[in-house]
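To start, the structure itself, in structure tokens.
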Amino acid sequence: MKKSILPRGGAKGIVSIGALVVIFILTVFAPWFAPVDPYSQSLQDILIPPLSHYGNDGGISLLGTDQLGRDVLSRLLYGGRLSLWISIIAVFVSGVLGSAIGIIAGYFGGKVDALLMRLADIQMSIPSMLLAIVMVAVLGSGLTNIVIVLAVTGWVTFARVVRSQVLSLKEMEYVEAARAMGVPHATVMIRHILPNTWFTIATQAALQMSHMILLAAALSFLGLGIEVSTPTWGGMVNDGKSYIDSAWWLSTLPGLAIAFVILSINLFGDWLRDRSEAR
Amino acid sequence: MSEPVLEVEGLRKVYPTRSGKDFTAVDGVSLFLGKGETLGIVGESGSGKTTVAKMIAGMIPTTEGQMRLNGKTLDRASRPREDKRNVQYIFQDPVSSLNPRLKVRDLIAEPLKLYFKLSGKDIDTRVDQLLNDVGLPLEYRSRYPKELSGGQCQRVGIARALAAEPSIIVCDEPTSALDMTIQSQILELLKALQRSKGVSYLFIAHGLEVIYSISHRVMVMKEGVVVEEGETADIFHRPQHMYTQSLIGAIPKIDIPQFTD
């Protein structure tokens, strides 16, 4: 079992895990890497392009400054921390919720299954962006609410994927054996079915992660995210869009950061899926 | 004749089909099983033998019929845990009948935890005893099923069934997925366990060659009905029904070529 943790299956795994580790370290330890305080404004230094000198002391700003003279690199690192944190919690909550619903629906079948899956169908028919906007409008913005909104939009995918796997696992002889022995339903689900869906859930979580980052960024971009001064990648793209003619780096750099993270996560998810199919 | 452990009367299983015409998989099967006895059920695929086995094990509900276990009538809809404990099942495919994510120890411990309220230490002792009973080395405790061969997996399956201390073990073609030498080892193990524990077997097989060495009595099924039943020796020496005769004729005979030097 230990061997399976190593990135086998070539460059895809090594590159994606490497990239994710770098992103993780850079953002989690943002205070160590950020050159200046992301909130400190300096009106002499507004809209300095990347790799240029500050006006006053002659130091170099690596990725430039924004319209309030805040350092873009520092905001990018702090913003990444928040964006990633939100999506990780959202994926976790929706993963737990969705997997539980998927297992229950698949295991019991019949009316329970029909009810839960119709619920999922109803939600699938509403675009997730629209649902998120409506929910933020009703609940109000703020960190907790954003996580709730993202989790609610994400559970359906988990539920469907897990359910379809449970349908085939349910027919396995070891599940039949456990049921014939009289093992209680909850134990059968937790002990015999759940551990055999881990790979599916993990793969799905990786793929959902990128979706969540994008959705969170989109909400911030629309001004429905967390309060404006807090750096988030989506919020930074939004802030920079008025200056796109004169200061390209304001929107472009956080956009690139989002793209890079999503690419890495998708690559990782892809690799996980390859591995799970190879088993 | 020893006292009956299991008496089955008029067992029927009907599956509704889309065309509206119901399919009768098992029709009016009656049987009894004595203590420490083995009843072999033989028949081709689709003869309903597995359906009978699964109904007796309580894995699928019966359409009609009565079952008495140790003199007590079994409820058709739901079976209390104590009755489930008394009828255990050994599957055809030993590998897929074991959860790949559980170690051998946990696989065998499952019925122990379920049926007997044992402490952790007692469970370990019982697991070791059972591994010993089925002839597996004790260090296999911490292995996963995929690290075991098919025959070893089947031994784990037998240990799991024995752990419940049942009156009856339903063996659903337990050797058909194994190769010849392993088959006879498993059959010998089952016979030895029967002698030491006094458990009764309901032994399902599609051919008579497996049944011959283990069964005291044989029941031949075809298309959901019992066509012939009797002592093993009688069935083999004086088969009455055409179908039984063809089954006996189908037992592969080998002619060892004569080598002259």
Side-chain angles (χ1 to χ4, degrees), chain A residues 1-6 8 95-96 99-100 102-103 106-112 161-162 164-205 272 275-279, chain B residues 50 53-61 78-103 106-116 142-147 153-154 156-158 160-161 163-164 166 168-170 172-174 177:
Chain A
M1 290 310 276
K2 221 167 209 163
K3 261 185 278 166
S4 65
I5 311 240
L6 288 173
R8 221 164 6 117
V96 170
S99 308
I103 289 181
Y107 181 78
F108 288 110
K111 281 184 184 143
V112 179
V161 175
V162 170
S164 70
Q165 198 177 3
V166 170
L167 286 183
S168 66
L169 282 174
K170 194 168 71 161
E171 302 302 320
M172 297 298 283
E173 281 186 338
Y174 57 82
V175 176
E176 211 182 346
R179 292 170 80 168
M181 272 191 246
V183 178
H185 290 311
T187 316
V188 175
M189 286 189 264
I190 291 167
R191 223 170 119 82
H192 296 284
I193 292 180
L194 180 64
N196 290 293
T197 56
W198 272 139
F199 242 106
T200 314
I201 294 175
T203 309
Q204 204 52 44
L272 259 186
R275 300 252 347 240
S276 68
E277 278 166 5
R279 282 163 74 91
Chain B
T50 297
K54 290 197 169 173
M55 282 192 284
I56 288 170
M59 289 158 83
I60 48 178
S78 72
R79 202 176 270 200
R81 190 170 287 168
E82 179 60 17
D83 291 339
K84 285 188 175 176
R85 181 187 71 74
N86 258 320
V87 187
Q88 291 293 309
Y89 204 93
I90 299 176
F91 289 85
Q92 178 173 8
D93 183 349
V95 182
S96 76
S97 71
L98 305 175
N99 185 343
R101 297 291 169 128
L102 293 182
K103 290 178 179 168
D106 299 316
L107 288 164
I108 301 177
E110 182 148 57
L112 295 173
K113 285 184 196 152
L114 188 66
Y115 301 127
F116 314 106
S142 44
R143 298 224 181 153
Y144 287 95
K146 68 174 171 196
E147 299 168 316
C153 281
Q154 197 55 289
V156 175
I158 294 170
R160 177 174 62 181
I168 301 169
I169 298 181
V170 179
D172 186 3
E173 303 191 35

**Q.** For A/A177 against B/R160, the heavy-atom pair lying closest together
**A.** CB-NH2, 3.7 Å
Q. Which pair of non-hydrogen atoms, one from A/Y174 and one from B/S97, has the smallest distance, and what is that distance?
A. CB-O, 3.3 Å
Q) Considering only heavy atoms, which portion of B/L98 lies under 4.5 Å from any heavy atom of chain A: side chain, backbone, both, or neither? A) backbone
(Q) How about NZ on B/K103, more than 12 heavy atoms from neighbouring residues, nucleotides or ligands closer than 6.0 Å, or not? (A) no
Q: Taking the side chain as every heavy atom from C-beta outward, state whether B/Y89 and A/E176 have any pair of such atoms under 4.5 Å apart.
A: no
**Q.** Close side-chain approach of A/P184 and B/R81, heavy atoms under 4.5 Å
**A.** yes
Q) Does a side-chain heavy-atom distance below 4.5 Å link A/R191 with B/L102? A) yes
Q: Kindly indicate whether the side chain of B/Q88, heavy atoms from C-beta on, has any atom under 4.5 Å from the side chain of A/M181.
A: yes
(Q) Using every non-hydrogen atom in the two residues, find where B/K84 and A/R179 come nearest and quote the distance to one decimal. (A) NZ-O, 3.9 Å
Q: Measure B/R79 against the heavy atoms of chain A and call it side chain, backbone, both or neither at under 4.5 Å.
A: neither
